[in-house]
S.K.: 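Right, I'll just put the structure down here and ask away after.
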Amino acid sequence: MGIRFVLMVNKQGQTRLAQYYEYLTLEERRALEGEIVRKCLARSDYQCSFVEHRNYKIVYRRYASLFFLVGVDNEENELAILEFIHLLVETMDRHFGNVCELDIMFHLEKVHFMLEEMVMNGCVVETNKTSILSPIQLLDKNS
């Protein structure tokens, strides 16, 4: 399994989305998120976007006021995960039109659905934006 979790966090460190692909208790999740968010937000823009924490490799990227953090196995390719983050942001941009923190907050179920279309059991299974968005557009059309 490659991807262990995906987090979207604002500049203040508030988690806006959390998706885990391995079982962790709520207390473990809270502790892990707090540690990772503090570690990543404290880093400058000139530092590398990869951090090792516990038994994870954290790959993160900042887009506007949001940080996208992905926890992966140590064997995972960091650049491929950066590309995955970019694809996720582009997909959300296509659907919401220049995605922002409020879009994620008010349409959390759609963002989770996009993530579920892209990642299954920690493995990236879909990279085509049109294929990812077509079920969501069908849902929007019928509602």
Side-chain angles (χ1 to χ4, degrees), residues 1-140:
M1 183 163 59
I3 297 175
R4 299 295 182 158
F5 57 85
V6 176
L7 301 173
M8 293 181 199
V9 179
N10 67 10
K11 284 185 199 175
Q12 290 76 37
Q14 298 168 317
T15 302
R16 294 302 180 198
L17 177 136
Q19 178 73 45
Y20 287 85
Y21 300 100
E22 68 178 359
Y23 177 76
L24 293 173
T25 66
L26 207 53
E27 293 81 27
E28 290 172 329
R29 288 180 183 195
R30 260 193 224 114
L32 181 67
E33 285 176 25
E35 293 166 6
I36 291 171
V37 168
R38 277 191 298 279
K39 192 178 257 191
C40 291
L41 267 59
R43 294 170 63 87
S44 74
D45 292 339
Y46 301 108
Q47 289 180 295
C48 176
S49 295
F50 318 133
V51 178
E52 288 192 9
H53 182 77
R54 294 188 192 175
N55 56 337
Y56 301 109
K57 193 183 308 179
I58 312 301
V59 180
Y60 70 95
R61 188 153 182 192
R62 180 178 165 206
Y63 284 92
S65 65
L66 281 173
F67 284 84
F68 292 78
L69 298 92
V70 180
V72 297
D73 294 331
N74 285 321
E75 305 84 42
E76 195 68 38
N77 184 339
E78 298 93 346
L79 297 177
I81 298 302
L82 275 176
E83 193 62 34
F84 164 74
I85 294 170
H86 188 69
L87 173 69
L88 178 59
V89 172
E90 282 184 334
T91 305
M92 290 190 297
D93 272 345
R94 184 181 285 187
H95 183 72
F96 297 116
N98 201 12
V99 69
C100 66
E101 184 178 348
L102 289 176
D103 290 322
I104 293 169
M105 288 173 59
F106 292 125
H107 303 285
L108 191 60
E109 72 286 347
K110 288 182 183 177
V111 179
H112 271 288
F113 199 84
M114 286 179 205
L115 213 45
E116 288 170 6
E117 287 290 315
M118 296 172 77
V119 181
M120 186 178 293
N121 199 25
C123 298
V124 177
V125 293
E126 184 61 70
T127 58
N128 184 317
K129 290 178 215 126
T130 306
S131 298
I132 295 164
L133 290 174
S134 61
I136 297 168
Q137 290 164 345
L138 283 172
L139 286 172
D140 287 345

S.K.: What's the separation between atom CD in Glu28 and atom OH in Tyr23, rounded to the nearest 0.5 Å?
M.R.: 7.5 Å
S.K.: Report yes if the side chains of Arg4 and Tyr21 come closer than 4.5 Å at any heavy-atom pair, otherwise no.
M.R.: no
S.K.: Check whether any side-chain heavy atom of Tyr60 lies under 4.5 Å from a side-chain heavy atom of Val9, and answer yes or no.
M.R.: no
S.K.: Could you check Asp45 against Arg62 for side-chain contact (heavy atoms from CB on, under 4.5 Å), going step by step and ending with a plain yes or no?
M.R.: CA-CA 9 Å; Asp45 292 339; Arg62 180 178 165 206; 4.3 Å; yes
S.K.: Identify the two heavy atoms, one from Ala18 and one from His112, that lie closest to each other, and give their separation to 0.1 Å.
M.R.: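 The answer is O-CE1, 3.6 Å.
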S.K.: CZ/Arg30 to OG1/Thr25 distance, rounded to the nearest 0.5 angstrom?
M.R.: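 Here the rounded value is 9.0 Å.
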S.K.: Do Glu35 and Arg54 have side-chain heavy atoms sitting under 4.5 Å apart?
M.R.: yes
S.K.: Under a 4.0 Å threshold between the charged nitrogen and the carboxylate oxygen, would Lys57 count as salt-bridged to Glu78?
M.R.: yes
S.K.: Output the distance between atom CZ (Phe67) and atom OG (Ser49), rounded to the nearest 0.5 Å.
M.R.: 9.5 Å
S.K.: Between Lys110 and Asp140, does any NZ, NE, NH1 or NH2 come within less than 4.0 Å of an OD or OE carboxylate oxygen?
M.R.: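 Salt bridge: yes.
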S.K.: State the CD1-CZ distance between Ile136 and Phe113, to the nearest 0.5 angstrom.
M.R.: 6.0 Å
S.K.: Determine whether the side chains of His86 and Glu90 contain a donor N or O and an acceptor N or O closer than 3.5 Å.
M.R.: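 Checked: His86/Glu90 side chains pair up, N/O donor to acceptor below 3.5 Å.
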S.K.: Ignoring hydrogens, what is the shortest heavy-atom contact between Val99 and Val89? Give both atom names and the distance.
M.R.: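 Distance-wise, the nearest heavy atoms are CG1-O, 4.4 Å.
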S.K.: Give the minimum heavy-atom separation between Met114 and Ile132, together with the two atoms involved.
M.R.: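 That would be O-CG2, 3.9 Å.
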S.K.: Would Met8 and Met92 count as a side-chain contact (heavy atoms from CB on, under 4.5 Å) here? Give the steps.
M.R.: CA-CA 13 Å; Met8 293 181 199; Met92 290 190 297; 4.0 Å; yes
S.K.: Heavy atoms only: give me the nearest Val59-Ile81 pair and the separation to one decimal.
M.R.: CB-CG2, 3.7 Å
S.K.: Can you see which heavy atom on Cys40 is nearest to which on Leu69, and at what distance?
M.R.: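 Taking Cys40 first and Leu69 second, the nearest heavy atoms are SG-CD2, 3.5 Å.
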S.K.: Within 45° of the ring axis of Tyr20 and under 6.0 Å from its six-membered ring centre, is that where the NZ or CZ of Arg29 lies?
M.R.: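 So Arg29 does make the cation-pi contact.
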S.K.: Walk me through whether Thr130 and Arg94 qualify under side-chain contact (heavy atoms from CB on, under 4.5 Å).
M.R.: CA-CA 9 Å; Thr130 306; Arg94 184 181 285 187; 3.3 Å; yes
S.K.: Measure the spacing between CE of Met120 and CG of Leu115 and express it to the nearest 0.5 Å.
M.R.: 12.0 Å
S.K.: Report yes if the side chains of Phe96 and Ile104 come closer than 4.5 Å at any heavy-atom pair, otherwise no.
M.R.: no
S.K.: Give me the atom names and distance for the closest heavy-atom approach of Asn10 to Leu41.
M.R.: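 Shortest heavy-atom separation between Asn10 and Leu41 comes out as O-CD2, 3.8 Å.
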S.K.: Heavy-atom distance under 4.5 Å between the side chains of Leu32 and Phe5, does that happen here?
M.R.: yes
S.K.: Any chance you could measure Leu66, atom CG, to Leu7, atom CG, to the nearest 0.5 Å?
M.R.: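 With rounding to 0.5 Å, CG (Leu66) is 12.0 Å from CG (Leu7).
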